[in-house]
Number of protein chains: 2
Amino acid sequence: MITINDIAKEAGVSIGTIDRVIHNRGGVSKKTEAKVNAIIKKHDFKINVIASSLASNKKFEIATLIPEFDSKNTFWKSPMMGISKAKEDIEKFGVKVNSYTFNQFEVSSYVSQFKKIIASKPDAVIFTPLFGTETQLLAEALDNKKIPYIFLNVNLDGFDNMSFIGQDSYMSGVLAGKLMHLSINDDASIAIMQTRINVDNNHAIYNRISGFDDYFTDNNISINRTKVTIFNLDDTDELKEKLHDMFNANPTIKGIFVPSSRVFSFANCIDNSKIKDLALIGFDGTEQNIKCLEDGRVSFLISQKPFKEGYESIKLMVDYLIEKKRPVSKIYSPIEILTKENVKFSMELK
Amino acid sequence: MITINDIAKEAGVSIGTIDRVIHNRGGVSKKTEAKVNAIIKKHDFKINVIASSLASNKKFEIATLIPEFDSKNTFWKSPMMGISKAKEDIEKFGVKVNSYTFNQFEVSSYVSQFKKIIASKPDAVIFTPLFGTETQLLAEALDNKKIPYIFLNVNLDGFDNMSFIGQDSYMSGVLAGKLMHLSINDDASIAIMQTRINVDNNHAIYNRISGFDDYFTDNNISINRTKVTIFNLDDTDELKEKLHDMFNANPTIKGIFVPSSRVFSFANCIDNSKIKDLALIGFDGTEQNIKCLEDGRVSFLISQKPFKEGYESIKLMVDYLIEKKRPVSKIYSPIEILTKENVKFSMELK
DNA sequence: GTTAACTTCGTGTGCGTACACGCAAATGTA
DNA sequence: TACATTTGCGTGTACGCACACGAAGTTAAC
């Protein structure tokens, strides 16, 4: 393995000069440059990434901004954990990650956090552009400063974002439709549970419902589907009552589709005797959901590996910052089907 | 980020001593060691892999031995690609990977390749212990030389292997059973396609069939299941004839379970008009299988991410060689369900 | 001869690694 | 007891390889 030193000797110049040639930093005569390049080519010299990253003590800062999570809305916990994991992994490369969160129900919190980020002069930003209009303005600030940014989980068109990482929510809805179709008889009917606007990750939810609906429409399956709206998922009494009314009004309901990560809330409000005959399908392998899956109260969970999304978004950005590798513009996470049988193997390897 | 130097200062000793503590090289008094360890723990010091691998100009060599693949038996292609990818990734850490393959139908090829590996004096070996008796002898040689090894894809008990990475084939069979059950009516019947012994990855196949069977038995589902044996999958004529006979003999067959990666062979030998009403379930997201999935001739594929298995086995070993991190003794890959809807998102991120 | 503009050199830096060596206490020997 | 030898514990530092910047050398221009 040839080193910069060997080249310097062979070319009869110092390693400083070699370094300038390699990095095109100028200040080298045409003659010397040609000579050095010839030697580099001759020996197929490749820069030693290890030594390089040790020497170039460049310190990058990446800022991340995603919605906060709490014990009820745990959706954003996984991406955050992925970000944290990536943070550890890349620390050794001298890249710092500063994580910010915002309240997804308050535009003002989004804006103010974003402004903080811009003020911190990061080298790159990874964020969830939940609010279109405001993002317009904020992204412009990043564009002006030539700060690269990646959209995480929510995609908006017409922006200069380097990439988008997230799920194809529509397709995951279609898949949910298929699984539901397999799980119930054709003469049964289905309830689609909706929550009030501004729910956790509501952008995706809308698409999931479309996909779910379209599966039945496109395949000419005439299973009856009812949309039921719940106002407060944390109000167990309301939920139980609503469900009770629902089953009374429509006793043929055998499938319940919950297009959010809250399927466990429903599972916990249905009697054990009744739930046996029901197919519940929901999203995201959160702790509570997995519990329901394991004891058979939920049939399928669809997960988009949100941990990995968070993790990869950082890794991608680091690859860009350090090695100038531009990622592709859209990266879809896998749409994973979780069942009782495979769930315990579904956590990330390692 | 805390360095070895900071620790030395804080402990009031030299960095040499810190190094000895970190690597357990002895020659440090209990007192000093405790003190240093406390500081290491306090600051959560992690060795800087970059600097470490630069300094220790050690060149590790990992040998891998897995079955060869060809255009028909493509199962082993993915692990090999995972190995190749990992190879690239770790090259910069001064770790070399030498890949060997053997003919899975010839014990002698396994043994001779293994002997080559031992002769090459590798620092670690990753291999598929397909033949038990022979492995006994060969693994002993590794034990004697204190060369660590990981089992890939096939697990054998009673060995000193550092870890096993592979799938829980039994459970993937159970899952296949569940999906099959969902896909057909209770009055239909199922054909389980067996191939002659010595088929690609036959170890797993046996377990898959057990799992599949047990799903029905354990859940008291009385769907009729027939086992059909095919001698040569590459003989299209034999296959077509067998299938034809089978459907004649048992017209209620609506589900076909192929416990290997060869489900595409079956799909390609069934008329388009007939296949519409059939549920075909197979294993592994090989190119040909995915094609069948996409055009609807196969309902489900179950995949254990063999690429990732290959990739992770190397990474795990590198972590051990460089950082002395011992992996857990058994690592199961996810049992992934592939459908028409999610298959295009299932390739690895990046 | 002075200045400015180019080129190139030399070296400290990043962070561990590993080995040579120093020093003191413990043990051995006569 | 007096001295030598062995152990045990630590120190100091030369690497590994590229990076980056101040300083010095060279050339050309006026």
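Each chain gets a letter, A, B and so on, in the order its sequence line appears, and its residues count up from 1. All values below were derived from every heavy atom in this structure, side-chain atoms included, with hydrogens, water molecules and symmetry-related copies excluded.
Going from atom CD of A:E33 over to atom C1' of C:dC6 covers 14 Å, rounded to whole Å. Here D:dG16 presents its P atom at 19 Å from CD1 of B:I4, a figure rounded to the nearest Å. Atom CD1 in B:I2 sits about 13 Å away from atom C1' in C:dC15, given to the nearest Å. The CG-P distance, from B:L54 to D:dG16, rounds to 10 Å in whole Å. Rounded to whole Å, the distance from NZ on B:K30 to C1' on D:dC9 is 13 Å. Across the protein-nucleic acid pair, B:D19 atom CG and C:dA20 atom P stand 15 Å apart, rounded to whole Å. Here D:dG8 presents its C1' atom at 14 Å from NZ of B:K31, a figure rounded to the nearest Å. When rounded to the nearest whole Å, the span between NZ of B:K9 and C1' of D:dT11 equals 15 Å.
At the heavy-atom level, A:N48 lies under 4.0 Å from the strands shown only through sugar-phosphate atoms. Among the protein residues, A:G26 comes within range of no part of the nucleic acid, since none of its heavy atoms lies under 4.0 Å from any strand. Heavy atoms of B:T17 sit under 4.0 angstrom from at least one base atom. As judged by a 4.0 angstrom heavy-atom cut-off over every strand, A:T32 is placed among residues touching the sugar-phosphate backbone only. A:I47 comes within 4.0 angstrom of sugar-phosphate atoms only, judged by non-hydrogen atoms across all strands, and of no base.
Side-chain atoms of A:T3 lie closest to D:dA18 of the nucleotides D:dG16, D:dA18, C:dC15.
Aromatic ring orientation, B:Y332 versus A:F345: perpendicular (interplanar angle above 60°, classes split at 30° and 60°). Ring geometry for B:Y149 versus B:F151: interplanar angle of 30 to 60°, hence tilted.
Aromatic rings from B:F69 and B:F75 are positioned such that their centres are separated by 6.0 Å or more.
Atom CD1 of residue B:I118 and atom CD of residue B:Q113 lie 12.0 Å apart, to the nearest 0.5 angstrom.
OP1 or OP2 of D:dT11 sits under 4.0 Å from a side-chain N or O of B:S14. At C:dG14, none of the side-chain N or O atoms of A:S53 fall inside 4.0 Å of OP1 or OP2 (strictly under the cut-off).
Within 3.5 Å, no donor on the side chain of A:R20 pairs with an acceptor on the base of C:dT7, nor the reverse.
Considering all non-hydrogen atoms of both residues, B:Q167 and B:S333 come closest at N-OG, 4.0 Å.
Ranked by how close their nearest DNA chain D nucleotide is to the 5' end, A:S52 and B:G27 are led by B:G27.
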